[in-house]
Amino acid sequence: MLEIGDLIEFQRTYLGTNVYNHWVVYIGNLEVIEARPQKNLLKKLAKSDWIKKISLQEATDNSRWRINHFLDEMYPPFEKQEIRKRAEEQLDPKTRTFPCYELTTSNCEHFCHLVRNGKSVSIQVEEKKLLHEVGKEILSEV
């Protein structure tokens, strides 16, 4: 059962392979708030509409999903209503403090952990950086 403030992680696959995970914050009433890159150049330049409230069904996009609170052990979450308030504040460009979407520094996972735990973290990005460094190290030894 979903509760306000839950972080939901969706597996996005291509040809049967998990390509990346998309994260959203559940705010109740089968609605979520997400950070998503802008595809429209004018909206991207205006830095608008990249944090949206959408239905849980729309966010699901036929993907497998799970509730994921892995960061809670290191950074205790805010109270449920505070998480909701923090997420909703990001919808309005006048009160938004989260930076414009950027894959490696301010993606959907960064957004969700920031509103729930107060810490902007993306394990996906960190894992990719680690794999890149390991790959460079292996290649340098060859």
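In this chain, residues are counted from 1 in sequence order. Just so it is clear, the values below take in all heavy atoms, side chains as well, and ignore hydrogens, waters and symmetry mates. Computed from a predicted structure; not experimentally measured.
By the side chain to side chain contact (heavy atoms under 4.5 Å, CB included) test, T97 is found to be paired with Q90, residues two or more places apart in sequence or in another chain being considered. Residues meeting the side-chain hydrogen bond (donor to acceptor under 3.5 Å, both in side chains) test with R86, sequence neighbours left out: none. Scored by the side chain to side chain contact (heavy atoms under 4.5 Å, CB included) test, T60 finds F10, L56, W65 as partners (sequence neighbours excluded). Residues meeting the side chain to side chain contact (heavy atoms under 4.5 Å, CB included) test with T105, sequence neighbours left out: E102. Scored by the side chain to side chain contact (heavy atoms under 4.5 Å, CB included) test, I54 finds V32, E34, K52, E58, A59 as partners (sequence neighbours excluded). Checked against ring pair (Phe, Tyr, Trp, His ring centres under 6.0 Å), Y26 has no partners two or more places apart in sequence or in another chain. Partners of E89 by salt bridge (Lys or Arg N to Asp or Glu O under 4.0 Å), not counting sequence neighbours, listed by chain and number: K85. Remark: E31 pairs with no residue by the salt bridge (Lys or Arg N to Asp or Glu O under 4.0 Å) rule, at least two apart or across chains. Qualifying salt bridge (Lys or Arg N to Asp or Glu O under 4.0 Å) partners for K80, counting only residues two or more places apart in sequence or in other chains: E3.
Looking at heavy atoms from C-beta onward, L7 lies in side-chain contact with V25 at the 4.5 angstrom threshold. Proximity of L2 to I67: side-chain heavy atoms (C-beta onward) are separated by under 4.5 Å at one or more points. When side chains are defined from C-beta on, S122 does not count as touching W23, because their heavy atoms never get closer than 4.5 Å.
Around the CD atom of Q57, the shell of radius 6.0 Å holds no more than 12 heavy atoms that belong to other residues, nucleotides or ligands. Taking a 6.0 Å sphere around CG of N62, one finds it holds 12 or fewer heavy atoms contributed by other residues, nucleotides or ligands.
Residue pairs meeting the salt bridge (charged side-chain N to carboxylate O under 4.0 Å, His left out) criterion with at least one member in residues 103-114, sequence neighbours excluded, do not occur. Contacts classified as salt bridge (charged side-chain N to carboxylate O under 4.0 Å, His left out) and involving residues 67-79 (residues at least two apart or in different chains) are given here: D72-R116. Pairs passing the ring pair (Phe, Tyr, Trp, His ring centres under 6.0 Å) check and including a residue from residues 70-96, sequence neighbours excluded, read F70-H113.
L91 contributes atom CG, which lies 7.0 Å from atom CD1 of I27 (distance to the nearest 0.5 angstrom). Here the CZ-CD1 distance, from F111 to I51, works out to 4.5 Å after rounding to the nearest 0.5 Å. Rounding to the nearest 0.5 Å places CZ of F98 at 5.0 Å from OG of S106. Note that CG of D61 and OG1 of T13 are 9.5 Å apart. Values are rounded to the nearest 0.5 Å.
Just one residue in the list R66, R64, H22, H69 forms a side chain to side chain contact (heavy atoms under 4.5 Å, CB included) with E9, and that residue is R66.
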